[in-house]
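Beneath this line is the structure, given in structure tokens, with notes to follow.
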Amino acid sequence: RVWFGEICGIPLHRIYRRIFSYSGVFLLGIMCSMYMWPASIPMPETVSSAAASLYANTSNEYLADFMDRVMDGTAKMRELWDEQATSFKGRLQDASFRIQDVFRSVKVPGIDTFRSSGAEEDRVGVRMNRQGVTVRHPVVMIPGIITTGLEVWDGEDCIRTWFRQRIWGSTSMMRQLFTDPECWARHLALNATTGLDPLQRPHYNRSIRVRPAQGFESADFFVAGYWVWGLLIEALADIGYDYNTMYMASYDWRLAYADLEKRDRYFTRLRNQIETLVSLTGEKAVIVTHSMGGNVWHYFMQWVTYRVHRNWVHDYISAEVDISAPMLGLPKAYYSLLMGDNRDFAAMGRGFSDIVTHIFGPMSRRTLWRTCSSLAMIMPVGGDGIWNGNLTGRPLVQLDGRNLSAAEAMDLLASEENMPEELKRISPWLLDGIRRTRPAEVRRGASVPEPPEHVWANMLASPLPFAPEMRKYAFYGVGVPTDVTAVVGDTGDDVNSVRYTVIRHATDHMGYHLGNGDYAVPLRSLGLMCKKGWQDPQRNPARTPCIVREYMDNPKSAATVADDMAALQAAKAAGASPGQMLTMMLSGGHNRGGQPSGDHVDILGNKEMLADLLTVVSGGEVEERILSDLEDIATKWGDPR
């Protein structure tokens, strides 16, 4: 048995999914919570001061020892974490770790690190270009939540030296976080009342301005060799694409969609960029989205149709490829906003989870998450037709032993009688927009009426624009256990502790029931709109075709894991530092890529998916392929007419 492939009985590729897929939102929550702590739960002074100085006082030897333990691997790793949980308070006070040197030595590897052999002929784009595949349609890429880097443009004295440096999406983010975590957190959070830029302390006469990075480098890598769009961009370049034929439409993923236009004129700029590319090439554009980027694009189509011209999408867009898009929302966003908790946090294990909970409790995490309006935009839509037990046998929430209806679950978060103060700014969405399941009725021969703006993010209730020549594709992974139900108890008072909490011992998966999906998004949210939702002429008046393309997850084999272990052991023997070895563990050549993946993020490096994408952007078509039970789920969906 290859012990390096597991920690605490959990395969390493699953651990990296939990760390980097959707749980970047968790990281954002626990770290930003530091400056909110006095307003929620008092933090012991010793813990606060030790956390602030952790960066400068931790020991390189600890990480070196940890790396040795990971490499050697034992069945006692869970016991190690639990022992660390009980001793962590004392270690914080003494600040006896040292990770500063590690962050300094972590380097972003070259792109060839992410190929198993590094040979040019292994690249999908090179191979297809030799077969005659080349540039045709201009490509516009829209990234998902948390994957765009964020830069400081104006801030308080504690961060002025960071002008135009990233405080999200780089290793420098880690250094700033440990140097002055409260300052870092204040600049990453949004105003809880407006959902926009907060004011600077102490005079409150200027706004903090954190803005999204721009260009391909804004989303090609996240941190320290963790690629996101990097391999996809390279594949496009291999068949001839460059700055004149493709564009990365980065945005501030914290904002509500309407606020993207209000603060940054994002949709205006996106429209202008698409028109420019179409003018330069003489071809309609292909839009490629990932994760929440698909939801942002749907909102944009509503905006451009009703604020610019009803034929704009038809005139400028050839195809739309949504990769891992949560078209009907995802339960994880709902759980985060309701409880300040989600499965990513639970999956870290009892020891590590106890450490974080001691310092950053659910109240603080929930407070932070509720300032990020984007999370509410991707909560589950569709009501009982989608999220009750009829489709898959599991509801969205089980509360005190009872299966809740979708409406009851939403009322736990926000209702007419109980609207949390920090969610009032998006109350039209929470009380109406998210609860609609169909567009407004249209009389025969009449034009499609404009939906209210607070409904535009709901794909069930806002029809597609009239674009009969456009093609839609849904590319996504399947075969990855994904949370679909939380078992919840009413245990708190919402003053000193959150009212609703996950009952960890209720299931074999830390209080969650799992179903098919891509780890972050359940199958029904990934594929049902294409398979059935947009077959309805009221939602799709132009009968725009939507093709589903599923990719079965195929985790690493024991042989591949053994190769990884050998590479790390060789690096250690050659004198590699802990930071260099951490870089190797994060890079795709060792723990990501190289095998078919259906994971929510790793699918962006799936060679088969990249080949299908290059086929579409070069003017070809791909056929539908369904590997899951999506068709059975679609049959069970009693979509009301």
Side-chain angles (χ1 to χ4, degrees), residues 110-115 118-144 147-149 212-222 227-251 269-291 293-294 296-297 300 316-325 470-473 475 549 588 593 601-622:
I111 194 73
D112 60 338
T113 304
F114 310 119
R115 305 183 205 102
E120 185 177 272
E121 56 268 22
D122 286 347
R123 285 153 52 174
V124 175
V126 171
R127 172 173 51 80
M128 294 185 68
N129 187 242
R130 289 172 179 166
Q131 297 170 355
V133 176
T134 188
V135 176
R136 179 174 176 183
H137 297 283
V139 173
V140 175
M141 294 166 279
I142 305 179
T147 52
T148 296
Q214 298 299 305
F216 300 120
E217 62 272 18
S218 65
D220 53 356
F221 290 83
F222 183 61
W227 53 262
V228 184
W229 287 81
L231 299 182
L232 190 152
I233 293 170
E234 182 193 51
L236 289 168
D238 282 339
I239 66 170
Y241 280 88
D242 57 26
Y243 279 95
N244 293 319
T245 47
M246 62 177 173
Y247 173 70
M248 178 67 72
S250 304
Y251 59 95
R269 290 166 44 235
L270 179 57
R271 168 205 169 191
N272 291 338
Q273 187 64 42
I274 292 172
E275 291 177 354
T276 299
L277 288 174
V278 171
S279 176
L280 283 171
T281 62
E283 294 280 356
K284 294 182 182 181
V286 171
I287 309 301
V288 180
T289 76
H290 176 246
S291 189
V296 172
W297 172 251
F300 169 82
Y316 287 96
I317 306 302
S318 171
E320 167 193 345
V321 181
D322 296 316
I323 305 171
S324 304
M470 183 177 77
R471 291 165 293 141
K472 289 176 66 70
Y473 295 91
F475 291 179
R549 188 79 173 166
V601 177
D602 289 1
I603 193 174
L604 290 172
N606 182 313
K607 291 183 179 180
E608 186 181 11
M609 190 283 295
L610 291 176
D612 290 340
L613 178 65
L614 296 184
T615 298
V616 173
V617 302
S618 61
E621 297 184 10
V622 295

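- In this structure, Arg269 CZ and Ile274 CD1 are separated by 12.0 Å, a value rounded to the nearest 0.5 Å.
- Between Leu236 and Val135 the shortest side-chain heavy-atom distance does not fall below 4.5 Å.
- Nearest approach of Ile603 to Ser324, heavy atoms of both residues: CG2-OG, 3.5 Å.
- Atom CG in Asn129 sits 7.5 Å away from atom CG in Asp238 (nearest 0.5 Å).
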- Message: The test is side-chain contact (heavy atoms from CB on, under 4.5 Å); show your working for Tyr473 and Asp322 and say whether it passes.
- Response: CA-CA 6 Å; Tyr473 295 91; Asp322 296 316; over 6 Å; no

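- Annotation: side chain of Ile142 is not in contact with side chain of His290 (no heavy-atom distance under 4.5 Å).
- No side-chain donor-acceptor contact under 3.5 Å links Glu608 to the backbone of Asn606.
- When all heavy atoms are compared, the tightest approach of Gly294 to Ala325 is CA-CB, 4.2 Å.
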- Query: Do Arg549 and Asp612 pass the side-chain contact (heavy atoms from CB on, under 4.5 Å) test, and can you show the C-alpha distance, the side-chain angles, and the key distance before you say yes or no?
  - Reply: CA-CA 9 Å; Arg549 188 79 173 166; Asp612 290 340; 2.9 Å; yes

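- Atom-to-atom distance recorded for Leu613:CG and Ser618:OG is 9.0 Å, nearest 0.5 angstrom.
- To the nearest 0.5 Å, atom CE of residue Met248 and atom OG of residue Ser218 are 5.5 Å apart.
- Under the side-chain contact (heavy atoms from CB on, under 4.5 Å) criterion, Glu283 pairs with Arg136, His137, Pro138, Thr281, sequence neighbours left out.
- Contact check for Thr289 versus Phe475: no side-chain heavy atoms found under the 4.5 Å cut-off.
- For an aromatic pair to be called close, the ring centres must be under 6.0 Å apart, and Phe216 with Tyr247 fails this.
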- Query: Can you list the steps and then say if Glu320 with Trp297 is a side-chain contact (heavy atoms from CB on, under 4.5 Å)?
  - Reply: CA-CA 9 Å; Glu320 167 193 345; Trp297 172 251; 3.2 Å; yes

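- Taking all atoms of both residues into account, the shortest heavy-atom contact from Ala319 to Val616 is CB-CG1, 4.2 Å.
- Under the 4.5 Å side-chain criterion, counting only non-hydrogen atoms from C-beta, Val140 is not in contact with Val288.
- Checked for salt-bridge contact, Arg123 and Glu234 meet the test: a charged N lies under 4.0 Å from a carboxylate O.
- To the nearest 0.5 Å, atoms CG (Leu232) and CE (Met246) are separated by 9.0 Å.
- With contacts defined as side-chain heavy-atom distances shorter than 4.5 Å, the pair Leu277/Val139 does not qualify.
- With a 4.5 Å cut-off on side-chain heavy atoms, Met128 and Thr615 count as touching.
- Between Pro143 and Thr148, the shortest heavy-atom contact is CG-OG1, 3.3 Å.
- Across Leu270 and Ala249, no two heavy atoms sit closer than the pair CD1-CB, 3.8 Å.
- Put simply, the side chain of Ile323 reaches to within 4.5 Å of the side chain of Leu604, judged on heavy atoms.
- Atom CZ of Arg471 sits about 12.0 Å away from atom CD1 of Ile317, to the nearest 0.5 Å.
- Residues Val617 and Tyr241 have side chains in contact (heavy-atom distance under 4.5 Å, counting atoms from C-beta outward).
- For Glu275, the salt bridge (charged side-chain N to carboxylate O under 4.0 Å, His left out) test picks out Arg271, with sequence neighbours left out.
- Closest heavy-atom contact between Asp602 and Trp227: O-CH2, 3.6 Å.
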- Message: Under the criterion side-chain contact (heavy atoms from CB on, under 4.5 Å), I'd like the reasoning laid out for Phe221 against Val228: C-alpha separation, chi angles, the key distance, then a yes or no.
- Response: CA-CA 5 Å; Phe221 290 83; Val228 184; over 6 Å; no

